[in-house]
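Following: one structure in structure tokens, then a few remarks.
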Amino acid sequence: MKIDEIWLRDTRAVAEADTLRSEVREFLDDERKTKSFEPQCNAWLEGHDPAFSRKLGERGWLGLAWPKQYGGGARSDLDRYVVIEELLAAGAPVAAHWIAERQTGPSLLRFGSEEQKMLLLPAIASGECFVAIGMSEPDSGSDLASVRTSARRVENGWSISGSKVWTSHASRSHYLVALCRTSDAGTDRHHGLSQFIIDLQSPGVDVRPIALMNGHAHFAEVVLDSVFVPDTMMLGNEGQGWEQVNAELAYERSGPERFLSTYLLLIALGKEVAKALDAESSALFGGLVAELVALRSMSRSIAEQLAEGLVPQVEATMVKDLGTIFENAVVDVSNLLAPRDLLQDPLSGLNTYLAQSVMAAPLFTLRGGTTEILRGIIAKGLT
Ligand SMILES: Cc1cc2nc3c(=O)[nH]c(=O)nc-3n(C[C@H](O)[C@H](O)[C@H](O)COP(=O)(O)OP(=O)(O)OC[C@H]3O[C@@H](n4cnc5c(N)ncnc54)[C@H](O)[C@@H]3O)c2cc1C
């Protein structure tokens with residue numbers, strides 16, 4: 001059964017979205033046939049393939065909903081959603097452009113200058129410009145407002161010093177969008193923060209990869225030592241960094257990647273469960289599918305609100321919280337139900353996807369904000 005057959009039907013523009021969905025599937029089938037990629041769980045973080053990103057750019061599938069003058073396709077956000085969920089469901093290697101297309105692009109459209117938009121958006125839409133997020137620091141993860149990386153005014157620009165950590169793909173990206181302190185916080189720590197677009201080739205930038213336990217090193221620590229950034233590369237307004245970062249986080253937390261990292265595993269498990277149905281496995285597997293349908297519905301509704309210029313922070317946070325718990329549940333249920341003989345078989349898809357998911361699972365609830373922090377945001381938002 002295919003993704004849109006078990007999920008709720010699109011309620012509007014179905015015919016157009018269906019055509020696009022078929023085109024994306026056809027493309028992915030061809031790519032799989034030529035072995036251009038090996039489907040992989042958690043591929044939106046671990047499947048880094050610039051050539052694949054360029055292919056998507058050539059087809060016009062990056063920045064699909066952006067205005068044409070910035071290299072976009074001027075299509076609907078529903079269309080973009082169709083493309084990204086098909087790519088995620090296929091475990092395609094989309095990590096190279098993921099952050100730039102998901103959040104840097106929308107951030108630039110909302111806060112960027114005309115010069116920044118013309119410089120970056122067409123390059124992102126063609127799959128040739130990759131961007132890393134510079135929020136977390138060695139002592140500022142959950143407590144983001146405590147960032148200490150400072151930007152000091154110098155002639156024609158800013159001098160930035162400090163260090164960022166857990167910066168995904170910093171060693172393979174062209175730019176870093178960094179949250180920095182530009183003035184004293186005063187009585188409110190959320191004041192005095194600003195965002196900068198830093199060219200990662202600038203003198204004074206030192207990117208130090210950090211290896212994960214699976215041997216991959218997609219993370220890095222980025223040390224900034226008096227890095228000059230021209231005035232023209234401040235993103236948005238001085239002192240508005242906190243509001244801008246929050247708008248960005250709504251994009252970061254609400255997309256289908258927050259519940260599809262283990263989708264390949266879920267489908268592989270479903271095929272096995274269907275062979276020998278019993279009450280317990282049906283209930284567990286059916287429960288997961290029901291959750292998936294609800295998550296997709298929430299996530300798509302947020303995508304529509306973001307497209308209208310709203311910032312549904314609390315709702316986005318709920319998708320990230322529930323979605324990552326769901327991804328972990330897929331791993332737990334697979335561990336419980338997967339036939340033991342298949343787990344001994346190194347060639348079985350179920351075995352491969354389970355191994356990939358087990359290694360990635362500890363990251364699900366950490367990246368993009370931890371469960372505890374998300375629940376604090378939800379609780380505060382609801383009072
Ligand atoms: C795979 C992955 C990719 C990432 N990519 C990026 C990236 O590209 N760019 C970037 O900037 N960052 C990135 N991060 C960093 C991520 O955003 C942080 O790890 C996360 O925000 C948590 O911060 P921390 O690691 O400093 O943990 P801490 O903030 O030190 O938290 C440690 C523990 O304490 C708990 N805790 C902290 N404060 C509270 C509180 N007030 N109440 C209750 N519990 C609390 C947390 O929930 C957590 O369990 C990435 C992380 C991962 C795992």
Side-chain angles (χ1 to χ4, degrees), residues 40-48 94-104 107 130-149 160 162-181 189-190 193 195-198 200 205 207-224 235 241-242 244-246 248-253 255 257-258 261-262 316-317 320-321 323-325 327-328 356-380:
Q40 183 187 354
C41 287
N42 197 35
W44 66 272
L45 181 71
E46 301 204 46
H48 193 281
V94 292
H97 67 266
W98 194 260
I99 289 168
E101 206 264 353
R102 172 184 70 185
Q103 69 195 80
T104 314
S107 233
F130 310 137
V131 184
I133 307 170
M135 294 190 198
S136 308
E137 296 186 3
D139 296 314
S140 303
S142 300
D143 187 14
L144 191 57
S146 69
V147 293
R148 284 185 300 185
T149 295
I160 300 186
S163 69
K164 297 289 174 182
V165 77
W166 314 130
T167 319
S168 301
H169 302 300
S171 61
R172 302 144 151 181
S173 296
H174 302 95
Y175 293 95
L176 174 78
V177 176
L179 181 67
C180 304
R181 186 151 285 290
R189 293 183 318 136
H190 302 137
L193 296 167
Q195 282 185 299
F196 293 89
I197 306 165
I198 302 177
L200 283 164
V205 175
V207 178
R208 305 170 181 171
I210 303 169
L212 283 171
M213 64 180 173
N214 63 6
H216 300 168
H218 50 72
F219 274 147
E221 178 177 18
V222 182
V223 179
L224 306 164
L235 176 61
W242 187 254
Q244 293 176 199
V245 155
N246 272 293
E248 198 178 315
L249 283 171
Y251 287 94
E252 188 176 337
R253 290 175 174 158
E257 70 273 29
R258 295 302 178 186
S261 307
T262 51
T317 307
K320 207 264 165 182
D321 183 30
T324 54
I325 288 167
E327 289 179 331
N328 273 296
Q356 289 168 354
S357 301
V358 165
M359 294 296 262
L363 309 175
F364 296 159
T365 55
L366 294 177
R367 57 186 177 192
T370 66
T371 302
E372 291 78 9
I373 295 305
L374 300 180
R375 292 190 180 169
I377 294 169
I378 295 166
K380 280 187 207 152

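Numbering of ligands and ligand atoms starts at 1, following listing order.
- Among protein heavy atoms, atom 15 (C) of ligand 1 sits closest to S136 OG, 3.2 Å.
- Closer than 4.0 Å to atom 33 (C) of ligand 1 lies none of the heavy atoms of the protein.
- Counting heavy atoms from C-beta outward, S142 and E372 have side chains that stay 4.5 Å or more apart.
- Between M135 and ligand 1, at least one pair of N/O atoms sits closer than 3.5 Å.
- Atoms of ligand 1 lying under 4.0 Å from at least one heavy atom of L366, given by number and element, are 20 (C), 53 (C).
- Here the straight-line distance linking atom CZ of R375 with atom NZ of K380 works out to 15.0 Å at 0.5 Å rounding.
- At least one protein heavy atom sits closer than 4.0 Å to atom 5 (N) of ligand 1.
- Under the 3.5 Å distance criterion, with hydrogens and angles disregarded, a donor-acceptor pair is assigned to the side chains of S146 and S140.
- With respect to atom 41 (N) of ligand 1, the closest heavy atom belonging to the protein is I373 CD1, 4.0 Å.
- Looking at ligand 1, you'll find an N or O of I133 within less than 3.5 Å of one of its N or O atoms.
- Side-chain atoms of S163 and R208 include no donor-acceptor pair closer than 3.5 Å.
- Checking E46 against Q356 by side-chain atom types alone, no donor-acceptor pair falls below 3.5 Å.
- Using a 4.5 Å heavy-atom cutoff, the side chains of V177 and Q103 are not in contact.
- Side chains of H169 and H48 form a contact here, defined as non-hydrogen atoms less than 4.5 Å apart.
- Taking 4.5 Å as the limit, some side-chain heavy atom of F364 sits within range of a side-chain heavy atom of T262.
- Residue contacts with ligand 1 for T370 involve side-chain atoms from C-beta outward but no N, CA, C or O (heavy atoms, distance under 4.0 Å).
- Within the structure, the closest approach of L45 to ligand 1 falls below 4.0 Å when heavy atoms are considered.
- Checked against a 3.5 angstrom limit, the closest N/O atoms of S142 and ligand 1 fall inside it.
- With respect to atom 24 (P) of ligand 1, the closest heavy atom belonging to the protein is G141 CA, 3.9 Å.
- Ring pair H190/W242 is parallel by interplanar angle, where below 30° counts as parallel and above 60° as perpendicular.
- Protein heavy atom in closest approach to atom 13 (C) of ligand 1: W166 O, 3.0 Å.
- Considering each of A220, S168, A178, the one bringing a non-hydrogen atom nearest atom 8 (O) of ligand 1 is S168.
- The nearest protein atom to atom 43 (C) of ligand 1, hydrogens excluded, is given as E372 CB, 3.7 Å; this is a heavy-atom distance.
- Side chains of E137 and T149: a donor on one and an acceptor on the other come within 3.5 Å.
- For atom 52 (C) of ligand 1, the closest non-hydrogen atom on the protein side is R367 CB, 3.5 Å.
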